[in-house]
Amino acid sequence: MTRTDLGMPAFPEAAREAVRDGVLRANLRHATHTIRDKRARAVAELADWDRLRAAGKAVKDHTLRHLDRHLLRLEAAVTAAGGTVHWAVDADEANRIVTELVRATGEREVVKVKSMATQEIGLNEALEAAGIAAYETDLAELIVQLGRDRPSHILVPAIHRNRAEIRDIFRAEMGRWGRPAPDALGDDPRELAEAARLHLREKFLRAKVAVSGANFMVAETGTMVVLESEGNGRMCLTLPETLISVVGIEKVVPTFRDLEIFLQTLPRSSTAERMNPYTTMWTGLGPSRGADGDGPSAFHLVLLDNGRTDTLADETGRQALRCIRCSACLNVCPVYERAGGHAYGSVYPGPIGAVLSPQLRGTGSAIDASLPYASTLCGACYDVCPVAIDIPEILVHLRERVAQGGPVTRHGIRVRIRPAHGHTAERAAVRAARLLLDRPGALRAGERLLARARRLTPRRLPGPGRAWTDTRELPSVPAESFRDWWTRERGTPQ
């Protein structure tokens, strides 16, 4: 099971609260518009962007078709380079592995970087229960942790906070976690960054264990790749004596040459940069690791499934596993811009979260059953995706699963799920439409009857349809159907 925030309501209820928060909406609007405009300019610089996008899609699709082979090759390469590979079928197993590895070192604290997978499994909470403190070192993640908050964006987890709020969090909370913020700390970005830098530097120099994720894993060489823009990742990956990387199994790519594609598309799609500021690669312990070298003396790779194999079994839904976590889809989504990330009830918000979370976790909870409907199906997410994930197609596919039920794969076993609650009227309407559309005579009679009674058509629907017409009006009924107009103007068609 993937960790979900306890008591999280379905998306419509959570979003209803979020849209009433004027400060939140202003923060989101400013940030998403700025990022997406910069990304559009960065992408426009490349004449071959469409070919890069197609190449990235092809590499990911090939990898997913042969995932077992590439993962075994990766394990062999990492082991040959001095690392140790662990396989975790779910969140509980991954948390147990990491906790035991940290305990074996005798340490009671770890520093973390690039760790969406560890947020997915709730690693911080598991370590805390074991008496181990975990410190986030990414600036935005630090803000979220100090504020006892939740991430709301894949790239910028604290996107819902403005500078004044961040200043207040630093002043109130930094002293409880380590070095306090300066007494006269203002809200200038340079002051905030310097306060975070001084606060984190003590932890970097003291920590003996680090936990990371990875953007990519190269099966050919066993190389881990981390892209970040602050330099904190490089300190986490080189200063501690023990490095533990928790990575989803879908992050593997077959060859080192495949990185050529993603090292061009990921920076431009995420931070709108031509080249990533800090790209760190390491292969096992490497030639300079050990007693007389630099870097960790022990490297552990935890390969995380946690629903990914089940997702892979779905021919339509598996394309969500192509995701390289650039967050471009969030920045163009009109729903995310207004509702924010917390309404999605997952570490993966926005359009990609709406298709990934219900597949990793199933659609049994209210929040997961509602996520496929958290979209207008406008298609903007597909247009900007650097690996061409057809998110609208998956959303419609998952809506059918929620409303109709049917066969799915759970824990490697093919099962049949029941329809979710609250969709009885929808199923009845679809059955009625099917019956009517299968009978042209009945459809024509219904169209004529509706046209004659058009003055009696209500502006709002009663019963279950009331929610739909709360925010939109029913279209007016024409005086005659298109079929009748065509017959009158052109004659009866053959």
Side-chain angles (χ1 to χ4, degrees), residues 3 5 91 94-95 98-99 101-102 107-161 165-181 192-215 226-240 242-247 270-271 278 280 302 304 325 327 341-342 346-349:
R3 298 299 188 253
D5 296 296
N95 288 333
V98 176
T99 301
L101 290 173
V102 177
E107 296 296 318
R108 309 303 296 177
E109 63 180 26
V110 301
V111 289
K112 293 179 62 194
V113 67
K114 210 68 181 179
S115 54
M116 287 197 74
T118 66
Q119 293 170 356
E120 174 189 327
I121 63 176
L123 179 62
N124 285 12
E125 293 78 9
L127 290 175
E128 183 180 7
I132 300 167
Y135 299 113
E136 301 289 351
T137 65
D138 176 88
L139 177 56
E141 293 286 4
L142 174 66
I143 296 166
V144 169
Q145 186 176 46
L146 292 178
R148 296 176 177 82
D149 204 348
R150 292 177 289 122
S152 63
H153 193 276
I154 290 176
L155 178 66
V156 193
I159 195 172
H160 56 288
R161 298 289 192 182
E165 291 174 311
I166 296 169
R167 175 203 61 205
D168 294 342
I169 290 172
F170 280 9
R171 284 177 175 176
E173 300 295 335
M174 270 188 171
R176 301 181 186 180
W177 292 76
R179 179 178 179 134
L192 297 172
E194 180 64 15
R197 186 179 296 113
L198 294 173
H199 176 82
L200 291 172
R201 185 61 57 94
E202 291 183 350
K203 292 180 169 51
F204 286 135
L205 296 177
R206 186 177 66 234
K208 302 296 183 183
V209 182
V211 176
S212 84
N215 293 95
V226 164
L227 281 71
E228 43 103 11
S229 58
E230 298 171 13
N232 59 302
R234 187 157 297 175
M235 300 188 78
C236 276
L237 299 169
T238 56
L239 291 178
T242 299
L243 174 60
I244 305 167
S245 296
V246 182
V247 190
S270 57
T271 55
Y278 294 91
T280 304
V302 181
L304 178 68
R325 308 293 191 267
S327 76
H342 291 162
S346 166
V347 67
Y348 305 115

**Study point:** Phe170 and His199: CA distance, side-chain angles, deciding distance, side chain to side chain contact (heavy atoms under 4.5 Å, CB included) verdict
**Key:** CA-CA 10 Å; Phe170 280 9; His199 176 82; over 6 Å; no
Can you name the nearest heavy-atom pair linking [X] to [Y], along with the distance?
X	Y	value
Asp138	Glu230	OD1-OE2, 3.5 Å
Thr137	Leu200	O-CD1, 3.2 Å
Leu142	Ala196	CD2-CB, 4.0 Å
Val113	Gly233	CG2-CA, 3.5 Å
Leu227	Asn215	N-OD1, 2.7 Å
Arg325	Met116	CD-SD, 4.4 Å

Tell me, do [X] and [Y] make a side-chain contact under 4.5 Å, heavy atoms counted?
X	Y	answer
Leu192	Arg167	yes
Glu109	Ile132	no
Val110	Val102	yes
Asp149	His342	yes
Asn232	Leu139	no
Val226	Tyr278	no
Leu304	Ile121	yes
Val246	Ser115	no

Decide whether [X] and [Y] meet the rule of one side-chain donor and one side-chain acceptor closer than 3.5 Å.
X	Y	value
Ser229	Thr271	no
Glu136	Asn124	yes
Ser152	His160	yes

At what distance, to the nearest 0.5 angstrom, does [atom1] of [X] lie from [atom2] of [Y]?
X	Y	atom1	atom2	value
Met235	Thr280	CE	OG1	12.0 Å
Lys114	Ser245	NZ	OG	13.0 Å
Ile166	Ile143	CD1	CD1	3.5 Å

Exercise for review: Take Ser327 and Ser270 through the side-chain hydrogen bond (donor to acceptor under 3.5 Å, both in side chains) test and state the conclusion after the steps.
Suggested key: CA-CA 6 Å; Ser327 76; Ser270 57; over 6 Å; no
Quick one: does any side-chain atom of [X] pair with a main-chain N or O of [Y] as donor and acceptor, under 3.5 Å?
X	Y	answer
His153	Ile159	no
Arg108	Gly131	yes
Glu228	Arg234	yes

Review point. Would you find more than 12 non-hydrogen atoms of other residues, nucleotides or ligands less than 6.0 Å from Arg206 atom CZ?
Key: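 Result for CZ/Arg206: enclosed.
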**Study point:** Enclosure of Glu128 CD (heavy-atom neighbours >12, cutoff 6.0 Å)
**Key:**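 Check fails, neighbour count at 12 or below.
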Exercise for review: Decide, yes or no, whether a salt bridge links Lys112 with Glu141 under the criterion of side-chain N to carboxylate O below 4.0 Å.
Suggested key: no
Practice item. Go through the steps to decide whether Val302 and Ile244 satisfy the test side chain to side chain contact (heavy atoms under 4.5 Å, CB included), and finish with yes or no. Key: CA-CA 7 Å; Val302 181; Ile244 305 167; 4.2 Å; yes
Review point. Can you list the steps and then say if Tyr135 with Gln145 is a side-chain hydrogen bond (donor to acceptor under 3.5 Å, both in side chains)?
Key: CA-CA 8 Å; Tyr135 299 113; Gln145 186 176 46; over 6 Å; no
